[in-house]
*Asks:* 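Sharing a structure with you now.
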Amino acid sequence: MAVFHFLKLSLILNLLSNTNFGLWHGTNTSKGVGIYPPTCDRIECPAYDVIEVGNGYDIRLYNSTVWMSTSAIQDISFVKATRTGFLQLFEYIQGKNSYNKKIEMTAPVITEVLPSDGPFCESSFAISFYVPKENQENPPPAQGLHVKRWKPTYSAVRQFGGFVKIRILERKLLH
């Protein structure tokens, strides 16, 4: 279970990227040094405190938060499963929910992976969207989606520019 949480958190934090391995300074911590990805200047992100700044990484404490998540998606492709789940969440924020309410986009959208036992077996993927503060108390329900409530969570974060690249093996298997 610890490995699963590590994979989930490392994926979240890899998606919060920077263009030059540098750090952005803000005021999001009681220690006086906060670090924000540029995305969080434009859209809402979960709050956190920076516990320690190391050589190329941060230790962060993310506060309790609510996420909207897909049901498990079985696939051999990280890319296809993430795309499928993201489209479900995109429809949700566009108003395809029980309240027919549009919801603001936030960051990050994360993919949790429960790996399969073999290289050619389907893994289980769940894609989650950070629910905006405005909707944290009562997120609109939706068919095929469920609420996940996180307790305060420590994460090691390394930020980098660009996008996460999938392994070449996956690309070859899909073509």
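Remember, it's a predicted structure, so these values are computed and weren't measured experimentally.
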*Asks:* Quick check for you: to the nearest 0.5 Å, what is the distance between Y92 atom OH and Q143 atom CD?
*Replies:* 14.0 Å
*Asks:* Between T70 and G85 (side chain of the first, backbone of the second, donor and acceptor by atom type, cut-off under 3.5 Å), is there such a pair?
*Replies:*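 The answer is no, because no donor-acceptor pair under 3.5 Å joins these two groups.
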*Asks:* What distance do K80 atom NZ and D75 atom CG have between them, rounded to the nearest 0.5 Å?
*Replies:* 5.0 Å
*Asks:* Just how far is it from atom CZ of F125 to atom OG of S77, taken to the nearest 0.5 Å?
*Replies:* 7.0 Å
*Asks:* Of the non-hydrogen atoms in A107 and P46, which two are nearest, and what is the gap between them?
*Replies:* O-CD, 3.2 Å
*Asks:* Tell me every residue that passes side chain to side chain contact (heavy atoms under 4.5 Å, CB included) with Y99, counting only those two or more places apart in sequence or in another chain.
*Replies:* N97, K101, N138, P140, P141
*Asks:* Can you tell me how far apart OG1 (T39) and CE (M105) are? Round to the nearest 0.5 Å.
*Replies:*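 These two atoms lie 10.0 Å from each other.
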*Asks:* Answer yes or no: is there a side-chain heavy-atom contact under 4.5 Å between V109 and S128?
*Replies:*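 Of all side-chain heavy-atom pairs linking S128 with V109, none is under 4.5 Å.
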*Asks:* Is F90 reachable from V131 through a run of hydrophobic residues whose side-chain heavy atoms are each under 4.5 Å from the next?
*Replies:*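 Looking at the clustering, F90 is in the same group as V131.
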*Asks:* For residues 82-95, which residue pairs qualify under salt bridge (Lys or Arg N to Asp or Glu O under 4.0 Å), counting only residues two or more places apart or in two chains?
*Replies:*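 Found E91-K96.
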*Asks:* Which residues satisfy the side-chain hydrogen bond (donor to acceptor under 3.5 Å, both in side chains) test with T106, sequence neighbours excluded?
*Replies:*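 T106: no side-chain hydrogen bond (donor to acceptor under 3.5 Å, both in side chains) contacts found.
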*Asks:* Under the 3.5 angstrom rule, does the side chain of T153 hit a backbone N or O of Y62 as a donor-acceptor pair?
*Replies:*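 Judged by distance alone, no pair lies under 3.5 Å.
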*Asks:* Looking at residues at least two apart in the chain, or sitting in another chain, which of them share a side chain to side chain contact (heavy atoms under 4.5 Å, CB included) with K133?
*Replies:* E44, Y130
*Asks:* Output the distance between atom CD1 (I93) and atom CD (E104), rounded to the nearest 0.5 Å.
*Replies:* 8.5 Å
*Asks:* Who pairs with T82 by side-chain hydrogen bond (donor to acceptor under 3.5 Å, both in side chains), at least two apart in sequence or on another chain?
*Replies:* T111
*Asks:* Tell me every residue that passes side chain to side chain contact (heavy atoms under 4.5 Å, CB included) with T84, counting only those two or more places apart in sequence or in another chain.
*Replies:* I73, Q88
*Asks:* List in chain and number order the residues that pass ring pair (Phe, Tyr, Trp, His ring centres under 6.0 Å) with F129, two or more places apart in sequence or in another chain; answer none if no residue qualifies.
*Replies:* none
*Asks:* Starting from Y57, can I reach Y154 by hopping between I/L/V/M/F/W/Y residues whose side chains sit under 4.5 Å apart?
*Replies:*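 Result: yes, single cluster for both.
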*Asks:* Over all heavy atoms of both residues, which pair between M68 and V147 is shortest? Give the atoms and the distance, please.
*Replies:* CE-CG2, 3.7 Å
*Asks:* To the nearest 0.5 angstrom, please state how far the CD1 atom of I110 sits from the OG atom of S69.
*Replies:*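 Answer for the CD1-OG pair, I110 versus S69, is 6.5 Å.
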*Asks:* Is a side-chain N or O of S116 found less than 3.5 angstrom from the main chain of S123, in a donor-acceptor match?
*Replies:*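 Such a contact is absent between S116 side chain and S123 backbone.
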*Asks:* Apply side chain to side chain contact (heavy atoms under 4.5 Å, CB included) to S124 and list each qualifying residue two or more places apart in sequence or on a separate chain.
*Replies:*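 For S124 the side chain to side chain contact (heavy atoms under 4.5 Å, CB included) partners, ignoring immediate neighbours, are A72, Q74, L114.
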*Asks:* Is the closest side-chain heavy-atom distance between K148 and E112 below 4.5 Å?
*Replies:* yes
